[in-house]
Structure formats: C-alpha cells, structure tokens
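Written out below as structure tokens is the structure these notes cover.
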Number of protein chains: 2
Amino acid sequence: MREAYSCGLEATFDVIGGKWKFVILWRLHPEARRFGELKRLVVGITEKMLIQQLREMVADGLVHRRAYPEIPPRVEYSLTPMGISLKDLLAPMCEWGSRYIEQMGGKDLCPESEPQTECV
Amino acid sequence: MREAYSCGLEATFDVIGGKWKFVILWRLHPEARRFGELKRLVVGITEKMLIQQLREMVADGLVHRRAYPEIPPRVEYSLTPMGISLKDLLAPMCEWGSRYIEQMGGKDLCPESEPQTECV
DNA sequence: CGGGATCCGTCACGATACTG
DNA sequence: CAGTATCGTGACGGATCCCG
C-alpha cells in the first residue's frame, strides 16, 4: 500500500504481487508458522527476501508478527483477518492457472517438484 | 507461460502479472479495440510497453490480433475465450482490493483520476 | 496509423557473510 | 534462531527517434 490507486486491482497486485508473497501467504494457512518453518516451506527463498516480504505484509496488515522474549528467540507469523480473506481470492486464481496450464500444452507442469497440494 | 510451474498460482501471476496486463485486459472487454484506442484508454502506458504486453498476451493465448490489409493500417485486438475467462477472475480481485483500500485508511483512493468505472 | 529500434535508469531479486 | 549488512545483476519499464 504505497500511493493512490485508481482501481482495486492495482491495490490487489501491489499487495500480493511479486514472486513470493502469495506463496508465503498460503504457507501461513491455516496455522501460524515460525520463521524457520517458513524458510523451509517456501522453497528457494533466501532469508533476506523472506524477512523483507514478511515485513511488507505486516505493514500492509495481512500478517501478524508475534515475538516471544525467549532464548533462543522465537517469532511466529500468522494471518490477520485481512490475510485470511485473501485466501479466498487465491483459490480461484490457482484454479484458473491450473486450467490454463492443461489447456495450453500440459508439458509445462513440474511433476518432480514437491506437490503443493494445499494449492486449491 | 515460460517454464514449469509447480502451482497454478505461478501461472496466473506469470500471465497477468506486471504493471499493465490486467489493465489492458479489462480495457479489451467487452469489445475489440484498435491499437490507438488502447493507447488512449490505458492511461500512462508508452507505445513500447503496450505493444510488448500485447505481444506477450497474444503468445499466451489471451488476446487475438487481427490486422486488416488497408491503408492506413488497422489492427484490432480482442479477447480469446481464455482471455474472457480471466475476466471472471479479475472481478473478485478488484472487489478485494477496493475493500482493502477502504478498510486500510481511505485516503489512498485517487479521486481526481478518471473514474475507471468498468472495474468491478 | 501501427508499429520497430535503441539507449538508459531503477529496483526487485539474489548470493554471501556476519550478529545478538 | 531470527535476523542484518553489503554487494551485484538482469529484467522491467520509460524516453526518444525512426519507418512502411
């Protein structure tokens, strides 16, 4: 959420656009995750990108961050109600993409990659 | 549509991600548009970006390009069935963004910009 | 009218190393 | 464990000029 929007679509893309946000979002569903868990679950992301994206999502009100004053440190990230409402949006987007892939030449699905079953 | 996808969401973002694609898409609905029309309707886009995005969308099977062998040249762009199906996806995304804007501090809507009423 | 070609700046993204 | 700091790169987006 940065400047003025002339349409809700811009806001939506601003908030979940980019390479990682939506992946993180659906890894945060349905339960809270620790930083280390996310790092493992979001395959291929670097720590820098993960913390950066999480910060933006916290600032955008999609994710809640809870730090426990312990040693060793523990931080849990969870979805806010706004973040949860986004999830209902991701489902049809994922369905559309899946249909698109199979109609446009099924060769492009990646069978050996870990099955991301919670998509859809 | 470039590499292998592990999830439909990646495909969706690949196809309508970026700054311009979804704006062009909904300007193409419900009727075909000429290149010059699009250039005026998609406020702020340069010719280079417009033609570049259109080409990608044609390659991705979302948009159909029809050139008339006339002088002066005339080219019309329209949505393919796949492109039309995307429109049903954009509507909820736009609604979500609008709700997000008003809940997160209504100052971020842009009143003086031309009302993009066909959104939603 | 509907493009194509070229040059260029920015920034999203990434690799690596270090820290409380 | 959960970050922070630094550096590098390429794709994305824009400006400008040219063409059939």
Side-chain angles (χ1 to χ4, degrees), chain A residues 1-3 5-6 9-25 27-28 31-60 62-78, chain B residues 1-3 5-6 9-25 27-28 32-60 63-78:
Chain A
M1 186 122 149
R2 279 106 222 171
E3 342 128 15
Y5 301 114
S6 58
L9 272 172
E10 295 182 30
T12 304
F13 273 94
D14 209 13
V15 159
I16 57 168
K19 189 174 179 181
W20 297 111
K21 294 245 179 88
F22 63 91
V23 189
I24 298 173
L25 269 173
R27 288 305 188 181
L28 242 31
E31 58 210 9
R33 298 286 193 182
R34 299 186 54 173
F35 183 84
E37 287 184 287
L38 284 175
K39 203 170 72 178
R40 276 182 295 103
L41 289 171
V42 181
V43 183
I45 199 171
T46 62
E47 291 189 354
K48 172 194 167 183
M49 289 313 294
L50 180 55
I51 190 61
Q52 179 179 308
Q53 304 296 306
L54 281 171
R55 269 162 151 45
E56 291 182 16
M57 292 162 83
V58 168
D60 288 343
L62 302 177
V63 168
H64 178 69
R65 185 195 128 114
R66 178 166 192 181
Y68 298 83
E70 302 174 354
I71 303 282
R74 177 159 66 110
V75 178
E76 278 188 354
Y77 294 92
S78 56
Chain B
M1 186 122 151
R2 278 107 225 171
E3 340 126 17
Y5 302 114
S6 57
L9 272 173
E10 295 183 30
T12 303
F13 273 93
D14 208 13
V15 158
I16 57 168
K19 189 174 178 180
W20 297 112
K21 295 248 178 84
F22 62 92
V23 189
I24 299 173
L25 270 174
R27 287 306 188 179
L28 243 33
R33 299 286 193 181
R34 300 186 53 174
F35 183 83
E37 287 184 288
L38 283 176
K39 203 170 70 179
R40 275 181 296 104
L41 289 171
V42 182
V43 183
I45 198 172
T46 62
E47 291 189 354
K48 172 194 167 183
M49 288 315 293
L50 179 55
I51 190 61
Q52 180 179 307
Q53 303 295 307
L54 282 170
R55 267 163 153 43
E56 291 181 18
M57 293 163 83
V58 168
D60 288 343
V63 168
H64 178 69
R65 184 195 131 115
R66 176 166 194 184
Y68 298 84
E70 302 173 353
I71 303 284
R74 178 159 66 109
V75 179
E76 278 188 356
Y77 294 91
S78 56

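The chains referred to below are lettered A, B, ... by the order of the sequence lines, with proteins before strands, and numbering in each begins at 1.
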Residues which pass side-chain hydrogen bond (donor to acceptor under 3.5 Å, both in side chains) with Lys39(A), listed by chain and number, not counting sequence neighbours
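Checked Lys39(A) against side-chain hydrogen bond (donor to acceptor under 3.5 Å, both in side chains); matches are Glu47(A).
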
Just to verify, what does Glu70(A) make a side-chain hydrogen bond (donor to acceptor under 3.5 Å, both in side chains) with, not counting sequence neighbours?
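Applying side-chain hydrogen bond (donor to acceptor under 3.5 Å, both in side chains) to Glu70(A) gives Arg74(A).
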
Checking Val75(B) now: which residues fulfil side-chain contact (heavy atoms from CB on, under 4.5 Å) with it, not counting sequence neighbours?
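Arg65(B), Ala67(B), Tyr77(B).
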
pair Lys21(A)-Glu56(A): side-chain heavy atoms closer than 4.5 Å
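Of all side-chain heavy-atom pairs linking Glu56(A) with Lys21(A), at least one is under 4.5 Å.
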
In whole Å, what is the span from the [atom1] atom of [X] to the [atom2] atom of [N]?
{"X": "Phe13(B)", "N": "dC12(D)", "atom1": "CZ", "atom2": "P", "answer": "16 Å"}
{"X": "Asp14(B)", "N": "dC12(D)", "atom1": "CG", "atom2": "P", "answer": "9 Å"}
{"X": "Leu50(B)", "N": "dG3(C)", "atom1": "CG", "atom2": "P", "answer": "9 Å"}
{"X": "Met49(B)", "N": "dA5(C)", "atom1": "CE", "atom2": "P", "answer": "16 Å"}
{"X": "Ile45(A)", "N": "dG14(C)", "atom1": "CD1", "atom2": "P", "answer": "8 Å"}
{"X": "Lys21(B)", "N": "dG13(D)", "atom1": "NZ", "atom2": "C1'", "answer": "13 Å"}
{"X": "Gln52(A)", "N": "dC13(C)", "atom1": "CD", "atom2": "C1'", "answer": "8 Å"}
{"X": "Lys19(A)", "N": "dG10(D)", "atom1": "NZ", "atom2": "P", "answer": "14 Å"}

Would you say Trp20(A) places a side-chain N or O within less than 4.0 Å of OP1 or OP2 belonging to dG14(C)?
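Yes, Trp20(A) has a side-chain N/O under 4.0 Å of OP1/OP2 on dG14(C).
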
Apply the side-chain contact (heavy atoms from CB on, under 4.5 Å) test between Ile45(A) and each candidate in Leu38(A), Leu50(A), Val23(A); give the one that qualifies.
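Of all the options given, the one that passes is Leu50(A).
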
Qualifying residues under ring pair (Phe, Tyr, Trp, His ring centres under 6.0 Å), relative to Phe13(B), sequence neighbours excluded
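Phe22(A).
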
Look for any protein N or O under 3.5 Å of an N or O in nucleotides 1-4 of chain D and output each such pair with its distance, or none.
from, atom 1, to, atom 2, distance (Å)
dC1(D), O3', Arg34(A), NH2, 3.1
dC1(D), O3', Pro73(A), O, 3.3
dA2(D), OP1, Arg34(A), NE, 3.0
dA2(D), OP1, Arg34(A), NH2, 2.9
dA2(D), OP1, Val75(A), N, 3.4
dA2(D), OP2, Gly36(A), N, 2.8
dG3(D), OP1, Arg65(A), NH1, 2.4
dG3(D), OP2, Tyr77(A), OH, 2.8
dG3(D), N7, Glu47(A), OE1, 2.5
dG3(D), O6, Glu47(A), OE1, 3.0
dT4(D), OP1, Arg55(A), NH2, 2.9

